[in-house]
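Notes follow once the structure below has been shown.
In what follows, chains are A, B, ... by sequence order, proteins preceding strands, each numbered from 1. Keep in mind that the numbers below use all heavy atoms, side chains included, and drop hydrogens, waters and symmetry copies.
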Amino acid sequence: MPIRLYNSLTRSLQDLEPRTPGVVTMYHCGPTVYSSPHIGNFRSFLFADVLRRFVEDQGYRVQQVMNVTDVGHLTNDDIESGEDKMEAASRKTGLTAWDIARKYEAEFHDCQHKLFVRLPHHMPRATEYIAQMGAIIDDLLQKGVAYQTNGNVYFEVARFPGYGKLSGKVLEELEAGARVAVNEEKKDPRDFALWKVDPKHQMQWDAPFRSGVRGFPGWHIECSAMSMQLLGPQIDVHTGGEDNMFPHHECEIAQTEAHTGKPFVTIWMHARHLLVDGTKMSKSLGNFFTVADILGKGYSGLELRYALVRVQYRQALNFTLKGLDEARAAIGRVQQCRQRLVRVRDGLERAGADDLAAACTAANDAFTAAMQDDLNVSGALAAVFDFVALANKAPVSVTGAKAALAVFARAEDVLACFGPEPKADATSDAPAELLALLEQRKAAKKNKDFAAADRLRDQIAAAGWRIVDAPTGARLERT
RNA sequence: GGUCCCGUAGCCAAGUGGUUAGGCAACGGAUUGCAAAUCCGUCUACCCCAGUUCGAUUCUGGGCGGGACCUCCA
């Protein structure tokens, strides 16, 4: 069975059929590094990560690029009133635009790490691809699809008949929107900037195209240049947040296809925006969370990842703190099950005769089928939890425990939201003094001195550990 | 104003024209010296109206309600 994905361009599900058999090229619109990454950003990025992981799980080799936008993304897509996001942040903080970009890029990478993202093969910075952008701009100018006014270069939308095919936007609507600022330089309000001139701008380059003026690139051209340079003129999958569909991706298609004369992307995928407490996340509503905010509340990266990944990317996901608590409990259920299997495998608990062969196959198949169906993570998780219930009840054999653990390891490889295989017993990780207390308690219990035993248990609890009294003996676990 | 999505048991959330999704919470039981942790069990829903159908939560139409995008945003 192939992987079926929803293509925003055709508005339908279609099979993933890479241009080169066995190799899937994917490009993801990455962060604009002007502020701390928030949980909405990471809903998109984790979607891209799960997509990549599952495609690899299905036996493909993936070539994955996620860019870092460190210049040219304006607060308003208009040369007169728009301000570069780096520059705006610079004005507010006193840091240079370059410092802002590097600071938040580092923070982004840190968040990727904390949320268990499998790093893309390339994470190019826009500022390091100015020459490649210039080559495209030069070609578009030569072809007459772009024009230069006062040094600013615009793409002439009227010269690209396919404009609007992704977003469904038509000229009349855009004009009726009346929110497009009037710009006398443009031939058409839809035309968008490829290169901008602004002497006050901190990030400047000599024009990388013929007869140009020193300036900086427009946002849209960046992705076209990096994508083409690193993955070639035609790629299999391109993702982004739903807001990217227009104008960003529409413009990417126009300039790239006008340049190459070939279809740019086979499958466009867009992640639905995250909601928080049932509504759009915004600073003014007080429901705006950065990744650091959530981790600062005591939730782990794993719990946050689970909460952001558990709903299919095209569904509105309502993020709540309660959802994080649910994630914590759900992860615990899976890990508890895995720990028991580890204990059976390692001979610490009595093994039975069930090798779980049929159950393992069924669980893997159900997981695969759900993921093949446009990354239905909820369905895939249901397959995992069904399997948990089965494994918990089964008198599992050593062979069965190994097989079951492989099922979980596979699910973890794709979703990465449960954590690594638990240790059979964390007791040995506890500080020596706690182990001493545990021994004392054992003795107290043997002497039926329950008052002393309970006091020791409280001491251990106060140190952040709990005693688990299992039939096979007492052990310690972190709380 | 234009485009689009959604409305499933206490909460979150899959899916299906006729057979128990799943998670969390709650409750009951097992276990325990008592607990904790854990496990097992119980909890059977599909916004309203009309239509199609032998049969609709699932298809069609209408209504109501919520949300998103069209503007910086993942």
Side-chain angles (χ1 to χ4, degrees), chain A residues 11 28-32 34-35 37-48 73-78 81-83 85 88 167-170 172-174 176-181 219 239-248 270-275 278-282 306-308 310-320 322-334 336-337 339-340 366 370 373 376-389 391-393 444-445 448-451 453-454 457-458 460-461 466-471 474-477 479:
Chain A
R11 292 172 185 76
H28 314 289
C29 282
T32 300
Y34 67 103
S35 66
H38 58 70
I39 57 176
N41 296 130
F42 266 91
R43 159 73 138 173
S44 283
F45 301 147
L46 292 177
F47 145 62
H73 195 165
L74 301 195
T75 55
N76 183 311
D77 200 35
D78 176 74
S81 59
E83 182 179 19
K85 287 169 172 289
S167 61
K169 302 291 173 207
V170 296
E172 302 77 57
E173 278 177 33
L174 289 171
R179 285 171 173 174
V180 182
W219 175 34
T239 78
E242 60 178 328
D243 56 290
N244 284 150
M245 202 180 319
F246 185 86
H248 187 52
H270 295 93
R272 195 80 190 270
H273 273 182
L274 178 74
L275 303 178
T279 188
K280 182 174 173 159
M281 182 167 75
S282 77
Y306 187 102
L308 292 176
R310 63 191 239 268
V311 178
Q312 194 230 17
Y313 71 97
R314 280 198 296 131
Q315 297 300 319
L317 163 60
N318 184 24
F319 181 91
T320 59
K322 190 181 169 208
L324 283 171
D325 292 331
E326 292 179 8
R328 176 173 292 178
I331 292 168
R333 178 166 165 78
V334 171
Q336 201 67 41
C337 177
Q339 189 187 40
R340 178 193 160 236
D373 182 18
N376 182 354
V377 175
S378 296
L381 285 172
V384 172
F385 284 103
D386 277 339
F387 185 65
V388 166
N392 278 338
K393 270 183 275 196
K445 277 185 71 171
K448 306 247 184 254
D449 182 357
F450 296 122
D454 291 350
R457 184 166 68 195
D458 291 343
I460 289 171
R466 83 164 71 88
I467 294 174
V468 178
D469 283 319
R475 61 177 192 270
L476 295 179
E477 281 181 3
T479 52

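Residues A:Asn392 and A:Arg333 have side chains in contact (heavy-atom distance under 4.5 Å, counting atoms from C-beta outward). Looking at heavy atoms from C-beta onward, A:Ile39 lies in side-chain contact with A:Met281 at the 4.5 angstrom threshold.
Across all their heavy atoms, A:Gln312 and A:Ser378 have their closest contact at N-OG, 4.3 Å. Scanning both residues, A:Gln339 and A:Glu477, for their nearest heavy atoms gives OE1-OE2, 3.5 Å. Nearest heavy-atom pair across A:Cys337 and A:Ala391 is SG-CB, 3.9 Å. Nearest approach of A:Arg43 to A:Leu308, heavy atoms of both residues: CD-O, 3.9 Å.
In this entry the distance linking CG of A:Leu476 with P of B:A35 reads 21 Å, nearest Å. Taking atom CZ on A:Arg333 and atom P on B:G23, their separation rounds to 5 Å, with Å as the unit. Between the P atom of B:A68 and the CG atom of A:Leu317 lies a distance of 14 Å, rounded to the nearest Å. Rounded to a whole Å, the CZ atom of A:Arg475 is 14 Å from the P atom of B:A37. Between the C1' atom of B:C5 and the CD atom of A:Glu242 lies a distance of 9 Å, rounded to the nearest Å. In this entry the distance linking CD1 of A:Ile467 with P of B:A37 reads 14 Å, nearest Å. Rounding to whole angstrom units, CG of residue A:Asn318 and P of B:G66 are separated by 16 Å. Taking atom CD on A:Glu326 and atom P on B:C11, their separation rounds to 12 Å, with Å as the unit.
An OP1 or OP2 oxygen of B:A68 is reached within less than 4.0 angstrom by a side-chain nitrogen or oxygen of A:Thr279. Between B:C40 and A:Asn392, a contact under 4.0 Å exists linking OP1 or OP2 to a side-chain N or O. Residue A:Arg11 places no side-chain N or O under 4.0 Å from the OP1 or OP2 atom of B:U3. A sub-4.0 Å separation between OP1 or OP2 of B:C5 and a side-chain N or O of A:Arg314 is absent.
Using a cut-off of 4.0 Å between Lys/Arg side-chain N and Asp/Glu carboxylate O, A:Arg457 and A:Asp454 are scored as salt-bridged.
Looking at the side chain of A:Ala382, the nearest of the listed nucleotides B:A21, B:A37, B:A74 is B:A21. Distance from the side chain of A:Phe246 is smallest for B:C70 among the nucleotides B:C69, B:C70, B:U38. With distances taken from any side-chain atom of A:Asp386 to the nucleotides B:A21, B:C39, B:G67, the minimum falls on B:A21. Taking the side chain of A:Lys445 as heavy atoms from C-beta on, and the options B:G33, B:A36, B:G15, the nearest nucleotide is B:G33. When distances are taken from the side chain of A:Phe385 to each of B:G10, B:G22, B:A74, the shortest belongs to B:G22. Set against B:A13, B:C24, B:G67, the side chain of A:Ala329 has B:C24 as its closest nucleotide.
Distance check on atom P: B:A36 versus B:U31 gives 15 Å, rounded to whole Å. Separating the C1' atom of B:U58 from that of B:G41 is a span of 30 Å, rounded to the nearest Å. When the P atom is used for both B:C24 and B:A13, the distance is 16 Å, rounded to whole Å. Atom name C1', nucleotides B:C11 and B:C49: the rounded distance is 28 Å, in whole Å. For the C1' atoms, the distance linking B:U8 with B:C70 amounts to 30 Å, nearest Å. Rounded to whole Å, the P atom of B:U38 lies 39 Å from the corresponding atom of B:A74. Straight-line distance between the P atoms of B:G22 and B:A45: roughly 15 Å, to the nearest whole Å. B:C27 and B:A9 are spaced 16 Å apart, taking the C1' atom of each and rounding to whole Å.
The aromatic ring of A:His273 does not sit over the base of B:A68, since the test of centres under 5.5 Å and planes under 30° is not met. In this structure, A:Phe450 packs face-to-face on the six-membered ring of B:G33, meeting both the 5.5 Å centre cutoff and the 30° plane limit.
Contact annotation for A:Val468: base contact, defined as any heavy-atom pair under 4.0 Å involving a base atom. At a threshold of 4.0 angstrom between heavy atoms, the contacts of A:Arg272 include nucleobase atoms, whether or not backbone atoms are also involved. Note on A:Asp454: a base of the nucleic acid sits closer than 4.0 angstrom, heavy atoms only. Among the heavy atoms of the strands, none lies under 4.0 Å from A:Ala271. Within 4.0 Å (heavy atoms only), A:Gly323 reaches no atom of the nucleic acid at all. Heavy atoms of A:His38 sit under 4.0 angstrom from at least one base atom. Residue A:Ala389 is in sugar-phosphate contact alone, with no base atom involved, counting any heavy-atom pair closer than 4.0 Å across all strands shown.
Contact of A:Asp469 with B:A37 (side chain to base): no donor-acceptor pair of N or O atoms is detected under 3.5 Å. A donor and an acceptor atom sit less than 3.5 Å apart, one in the side chain of A:Arg457 and one in the base of B:A35.
For B:U52, there is no paired nucleotide, since no Watson-Crick or G-U wobble pair has both relevant distances below 3.5 Å. Pair assignment for B:C4 gives B:G67, based on Watson-Crick or G-U wobble hydrogen-bonding distances that are each under 3.5 Å. When both pairing distances are held under 3.5 Å, B:A25 makes no Watson-Crick or G-U pair with any nucleotide shown. Under the Watson-Crick and G-U wobble criteria, each requiring two contacts below 3.5 Å, nucleotide B:U38 is paired to B:A30.
In terms of position on RNA chain B, the residue among A:Ala470 and A:Lys322 whose nearest nucleotide sits closer to the 5' end is A:Lys322. Judged by closest nucleotide on RNA chain B, A:Ala451 is the one of A:Gly240 and A:Ala451 placed further toward the 5' end.
Ring geometry for A:Tyr306 versus A:Phe385: interplanar angle over 60°, hence perpendicular rather than tilted (30 to 60°).
Under a 3.5 Å cut-off, the side chain of A:Asp373 and the backbone N or O of A:Ala370 do not form any donor-acceptor pair.
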